[in-house]
There are 2 protein chains.
Amino acid sequence: MIIKCALCQLSVSSNKRKNLKKAEKMIRESAANNADIIILPEIFNAPYDIKLFSKYAEKYPGISSDMLSCLSRELHTYIIGGSICEKDENNLFNTSYSFDRNGNLIGKHRKLHLFDVNIKDKLIFKESSVISPGTTVTVFDTEYCRIGLAICYDIRFPELIRKMSLKNAKIIIAPAAFNMITGPAHWEITARARAIDNQIFFIAASSARNTKSSYVSYGHSIIIDPWGNIIAKADEKERILYGSIDLNLIDEVRQSLPLIKHLKPDLYR
Amino acid sequence: MIIKCALCQLSVSSNKRKNLKKAEKMIRESAANNADIIILPEIFNAPYDIKLFSKYAEKYPGISSDMLSCLSRELHTYIIGGSICEKDENNLFNTSYSFDRNGNLIGKHRKLHLFDVNIKDKLIFKESSVISPGTTVTVFDTEYCRIGLAICYDIRFPELIRKMSLKNAKIIIAPAAFNMITGPAHWEITARARAIDNQIFFIAASSARNTKSSYVSYGHSIIIDPWGNIIAKADEKERILYGSIDLNLIDEVRQSLPLIKHLKPDLYR
């Protein structure tokens with residue numbers, strides 16, 4: 001069973017309408033190229049900027065989630081809608097909505113681990129000053145397999161990825177936006193290690209690098225197979241990255257190197 | 001506080017006496033070059049071959065552990081004695097002995113996860129057919145910091161490395177011998193990911209590549225800092241690899257990117 005994935009590495013501007021238009025265009029192009037699963041990056045409709053989250057936030061359903069739902073139904077594709085800033089009562093969340101081929105919401109993930117960092121003289125970001133964390137691990141079923149969802153900083157925590165893979169997620173998708181400091185240092189290694197350790201497909205979808213933003217995204221969207229090989233990798237520019245996944249590879253790798261079978265949970269407690 | 005580490009990437013033969021002589025020579029050279037911690041690879045006194053483990057096995061104390069203890073006292077250095085095949089009653093273990101500067105045994109680790117793999121047409125190895133697994137996680141204290149010990153396949157399991165780092169191990173040392181299939185694919189990524197995720201120093205000490213062995217070691221001993229940078233890396237040949245560790249870097253990295261503080265254990269259960 002081969003699944004064709006398309007990662008829309010779009011360059012995000014401060015104009016929400018334009019961001020949505022661009023996402024729509026890239027989704028349509030992906031579908032025209034026969035993508036089964038189309039994936040957007042983290043906060044694809046707004047700048048990744050804590051001062052602006054509230055301004056761009058949407059209740060569910062809202063203009064962005066409606067657009068994704070309609071497109072998935074019209075184009076008959078899965079859409080993993082990156083993430084947007086969600087407003088729920090008085091709280092904001094960094095939330096990902098996923099839709100099946102009929103426009104039904106099949107997964108909703110609120111970013112669990114918020115990006116609060118202070119890299120001396122280089123980068124200060126305190127996502128938790130405006131965003132509330134999610135409280136649940138997110139896996140959902142598709143016609144192919146179970147998929148796990150993590151948003152950006154969530155992938156820093158191997159425990160979360162393990163939990164999803166033990167819940168039988170075969171593909172873990174991470175809409176993300178690493179930056180110019182953590183990106184070169186940690187992006188590819190982290191993605192590959194999660195795939196290798198869990199013997200799953202790991203997909204990390206970034207926005208393109210926009211050097212005019214206050215937060216400059218690293219780009220380099222990537223698709224990794226369960227052996228850790230890179231199926232496809234983008235550079236920093238705007239583009240659609242395609243990659244085909246053969247789920248049979250998971251069993252093959254797990255039979256060769258039975259990591260999951262060799263786990264010793266009692267030892268790790 | 002700078003700690004100088006020396007990894008003795010020795011080429012192991014089938015002659016135990018020669019292996020021990022070579023280990024001694026490399027340990028003496030490391031000490032002459034002012035190494036504080038001298039590290040040997042997995043099964044440094046015998047071929048890594050399940051058919052031979054029993055023949056080379058030693059009770060504790062034995063000729064190999066005695067040699068390491070005496071050298072650490074004479075040279076006034078820490079010695080992390082890679083591993084040897086240990087015989088205890090009717091069981092064999094893949095065991096690592098560590099000695100302080102006075103020749104005292106400060107750490108004993110029995111490999112927890114045994115290397116049972118079957119990579120089609122390439123590599124079959126069933127360590128558990130002759131070796132029994134250890135049952136405890138190993139950390140021990142030195143004048144510098146707490147050290148965690150894992151042997152080879154143990155490092156495949158992020159839970160174990162996390163457990164040791166949560167027990168406050170600041171350096172995790174892995175005597176190891178990846179092979180020509182898993183080495184190129186997984187060795188460096190795994191080592192770097194463990195360092196990055198736990199923000200610790202990660203040291204993986206391999207034997208040199210001996211293409212005459214039944215099991216051909218990958219080599220490429222490596223020392224990684226808590227940001228994931230490579231401090232020192234060997235190729236496949238016999239050599240001593242030196243690298244200096246500045247423990248202050250751990251706090252610096254953990255203040256920049258507070259991964260440990262951001263863990264959500266309740267979520268992962």
Side-chain angles (χ1 to χ4, degrees), chain A residues 112-124 128 133-137 153-164 166 181-182 184-186 188-199 224 227-229 252-253 255-269, chain B residues 112-124 128 133-137 153-164 166 181-182 184-186 188-199 224 227-229 252-253 255-269:
Chain A
L112 296 164
H113 303 84
L114 300 178
F115 188 58
D116 290 354
V117 304
N118 186 343
I119 303 175
K120 209 178 161 192
D121 304 328
K122 290 182 187 162
L123 176 69
I124 296 179
S128 71
T135 51
T136 43
V137 174
Y153 195 58
D154 282 338
I155 73 170
R156 290 277 190 181
F157 302 88
E159 292 90 340
L160 173 64
I161 310 302
R162 178 72 92 206
K163 173 125 189 177
M164 293 193 285
L166 291 179
I181 298 152
T182 60
H186 301 154
E188 186 173 315
I189 295 170
T190 302
R192 292 183 69 189
R194 300 295 176 257
I196 292 167
D197 291 341
N198 295 288
Q199 308 182 308
I224 317 285
W227 187 251
N229 289 319
E252 206 179 290
V253 167
Q255 274 158 27
S256 296
L257 199 70
L259 292 178
I260 307 300
K261 206 178 110 193
H262 290 159
L263 283 168
K264 302 194 165 197
D266 290 347
L267 208 60
Y268 317 135
R269 269 185 208 117
Chain B
L112 295 163
H113 303 84
L114 300 178
F115 188 59
D116 290 354
V117 304
N118 186 342
I119 302 175
K120 210 178 161 191
D121 304 328
K122 290 182 186 161
L123 176 69
I124 296 179
S128 72
T135 51
T136 42
V137 174
Y153 195 58
D154 283 339
I155 72 169
R156 290 277 191 179
F157 302 89
E159 292 89 342
L160 173 64
I161 310 302
R162 178 72 94 207
K163 174 125 187 177
M164 294 194 285
L166 291 178
I181 299 151
T182 60
H186 301 153
E188 185 174 315
I189 294 169
T190 302
R192 293 182 69 188
R194 300 297 175 255
I196 291 167
D197 291 341
N198 295 288
Q199 307 183 309
I224 316 285
W227 187 251
N229 290 319
E252 205 178 291
V253 167
Q255 274 159 28
S256 296
L257 199 69
L259 292 180
I260 308 298
K261 205 178 110 192
H262 289 159
L263 282 169
K264 302 193 165 198
D266 290 346
L267 207 60
Y268 316 135
R269 269 185 208 116

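Letters A, B, ... mirror the listed sequences (proteins, then strands); counts begin at 1. None of these values were measured; they are calculated from a predicted model.
The salt bridge (charged side-chain N to carboxylate O under 4.0 Å, His left out) test applied to A/Asp154 returns no partner, not counting sequence neighbours. Applying the salt bridge (charged side-chain N to carboxylate O under 4.0 Å, His left out) criterion to B/Glu188, with sequence neighbours excluded, gives B/Arg192, B/Lys233.
No part of A/Leu166 comes within reach of chain B, as not one of its non-hydrogen atoms sits under 4.5 angstrom from that chain. With a 4.5 Å cut-off on non-hydrogen atoms, A/Ile196 touches chain B through its side chain but not through its backbone. There is no contact between B/Asn229 and chain A, counting heavy-atom distances below 4.5 Å. At a 4.5 Å heavy-atom cutoff, A/Leu123 makes no contact with chain B through either its backbone or its side chain.
Taking the six-membered ring where tryptophan is involved, the planes of A/Phe157 and B/Tyr268 are essentially parallel, since the angle between them stays under 30° and well short of 60°.
Taken to the nearest 0.5 Å, the CG atom of A/Leu267 stands 8.0 Å off from the OG1 atom of B/Thr135. In this structure, the separation between CG on B/Asp197 and CZ on A/Arg156 is 8.0 Å, given to the nearest 0.5 Å.
Looking only at distances, no side-chain donor or acceptor of B/Lys120 sits under 3.5 Å from a matching main-chain atom of A/Ser256. Between the side chain of B/His186 and the backbone N or O of B/Ala191 there is no donor-acceptor pair closer than 3.5 Å.
A/Val117 has its side chain within reach of A/Phe115: a pair of non-hydrogen atoms, C-beta onward, lies under 4.5 Å apart.
Note on B/Leu114, B/Val137, B/Asp116: by heavy-atom pairs under 4.5 Å with chain A, the leading option is B/Asp116. Heavy-atom pairs under 4.5 Å with chain A were tallied for B/Leu160, B/Ile124, B/Thr190, B/Asp266; the largest tally goes to B/Leu160. Interface summary for chain B: among A/Ile181, A/Leu263, A/Leu259, A/Val253, the most heavy-atom pairs under 4.5 angstrom belong to A/Leu259. Comparing B/Lys122, B/Glu159, B/Lys163 by heavy-atom pairs within less than 4.5 Å of chain A, the highest count is held by B/Glu159. By number of non-hydrogen pairs under 4.5 angstrom with chain A, the leading residue of B/His113, B/Glu252, B/Arg269 is B/His113. In terms of heavy-atom pairs under 4.5 Å with chain A, the best-connected choice from B/Ala185, B/Gly228, B/Pro133, B/Pro158 is B/Pro158. Comparing B/Met164, B/Gln255, B/Lys261, B/Arg194 by heavy-atom pairs within less than 4.5 Å of chain A, the highest count is held by B/Arg194.
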